[in-house]
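First the structure, in the form of structure tokens, and then the observations on it.
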Number of protein chains: 2
Amino acid sequence: MSSEETTVVRNTRQRSAVRDVLDRCEGFRSAQDLHAILRDAGEKVGLTTVYRTLQGLADAGEIDVMRPPGGEHLYRRCSQGHHHHLVCRSCGRTVEVEGPAVESWTEKIARENGFVDVAHTLEIFGTCEECVAKK
Amino acid sequence: MSSEETTVVRNTRQRSAVRDVLDRCEGFRSAQDLHAILRDAGEKVGLTTVYRTLQGLADAGEIDVMRPPGGEHLYRRCSQGHHHHLVCRSCGRTVEVEGPAVESWTEKIARENGFVDVAHTLEIFGTCEECVAKK
DNA sequence: GCGCTTTTGACAATCATTACCATGTCCGGG
DNA sequence: CCCGGACATGGTAATGATTGTCAAAAGCGC
């Protein structure tokens with residue numbers, strides 16, 4: 001039963017376009033944002049394709065997804081590997097942070113409760129210096 | 001400037017009903033679930049009211065809200081105070097956990113980056129013992 | 001270039017949540 | 001006990017992001 005699902009991934013203009021935009025953008029962007037940006041740049045890409053591409057990239061671990069309360073999904077090109085985000089509530093500025101201590105803590109807690117195959121999500125929200133100064 | 005918004009909160013049959021159901025339920029439930037349960041129990045409560053009540057309870061800190069990837073909001077009566085959840089991917093069983101170390105870590109990280117007024121969300125997912133055994 | 005497979009994209013469908021608003025209900029003062 | 005105004009309810013319509021559909025349009029290996 002070697003039903004090898006040899007799904008060949010192809011290189012298309014649209015996919016590169018989405019990647020490029022993500023590379024150029026600093027912060028998190030919604031799918032609809034990216035779609036609008038592409039339109040403005042003259043690249044004709046369908047909204048459906050944007051969603052599909054983003055999902056693919058997310059599955060491949062090339063981008064990160066955030067689900068802010070009461071809003072759309074936000075996507076961002078991120079450094080490889082596991083990390084978390086420190087996000088400014090006001091201006092959206094994002095800092096990538098790592099916390100080995102947290103990683104091991106979640107593992108420990110999970111193991112203590114008999115859980116295996118553990119994953120976790122962690123987002124930190126706050127107000128950054130500049131935004132405090134502006135007030 | 002004493003524009004006291006004296007919003008009086010009233011005690012209604014519907015609100016008590018929602019509370020009661022939450023008390024009786026163990027795990028996380030969606031708003032629509034709760035609505036269905038109330039219907040079945042003979043309590044006539046509108047879906048709109050269920051949503052409103054849940055929002056109110058969440059704002060008051062009496063219940064916790066979780067936003068699982070790709071699904072509805074889930075609500076649950078929780079112990080007071082700040083804590084996190086260890087959730088089984090398979091059966092939904094939930095364990096409340098506390099992590100003082102994590103709390104102080106997030107504070108420290110945020111301060112180091114000049115962020116103030118810090119909050120955070122943390123969910124741990126895994127597969128619990130029983131569900132592993134069933135496989 | 002050929003053909004097969006993947007991908008695209010316009011549009012419709014889905015589905016949880018919210019807005020609206022006329023009607024019902026609570027509650028304190030008389 | 002009864003009234004009046006404030007608050008709450010709930011059916012329905014609206015919203016809006018995301019996903020499904022499927023015929024047409026590219027990629028890629030040969």
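Labels below follow one simple rule: chain letters A, B, ... track the order of the sequence lines, proteins then strands, and each chain is numbered from 1.
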Atom-pair distance (NE2 on His35(A); C1' on dC11(C)), nearest Å: 13 Å
d(CG, Leu34(B); C1', dA16(C)) in whole Å: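 Leu34(B) atom CG is separated from dA16(C) atom C1' by 14 Å.
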Listed partners of Glu103(B) passing salt bridge (Lys or Arg N to Asp or Glu O under 4.0 Å), at least two apart: none
Carboxylate-amine/guanidinium contact Glu96(A) Arg76(A), below 4.0 Å: yes
Salt-bridge present (Asp117(A), Arg89(B); N to O < 4.0 Å):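 Here Asp117(A) pairs with Arg89(B) in a salt bridge, since their nearest N and O are under 4.0 Å apart.
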Sugar-phosphate or base contact per nucleotide [nucleotides 19-29 of chain C; S, B, -; heavy atom under 4.0 Å]: B------BS--
Per-nucleotide protein contact string for nucleotides 13-18 of chain D, where B marks a base within reach and S marks sugar-phosphate only (heavy atoms under 4.0 Å, - for neither): ----SB
Candidate list Ile124(A), Val102(A), Val97(A), test side chain to side chain contact (heavy atoms under 4.5 Å, CB included), partner Thr106(B), passing option: Ile124(A)
Sub-6.0 Å ring centroid separation between His85(B) and Phe28(B): yes
Step-by-step salt bridge (charged side-chain N to carboxylate O under 4.0 Å, His left out) determination, Arg19(A) to Glu62(A): CA-CA 10 Å; Arg19(A) 265 176 214 258; Glu62(A) 286 195 46; 3.1 Å; yes
Residue pairs, two or more places apart or on separate chains, that pass salt bridge (Lys or Arg N to Asp or Glu O under 4.0 Å) and touch residues 40-53 of chain A: Arg13(A)-Glu43(A)
Trp105(B)-Val95(A) co-clustered via ILVMFWY side chain contacts under 4.5 Å: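 Yes.
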Cation over ring face, Arg29(A) and Tyr75(A), 6.0 Å, 45°: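 So Arg29(A) doesn't make the cation-pi contact.
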Partners meeting ring pair (Phe, Tyr, Trp, His ring centres under 6.0 Å) with His84(B) (sequence neighbours left out):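 Here the qualifying residues are His82(B), His120(B).
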Sub-4.0 Å heavy-atom contacts from residues 36-44 of chain A onto DNA chain D, ordered by number: none
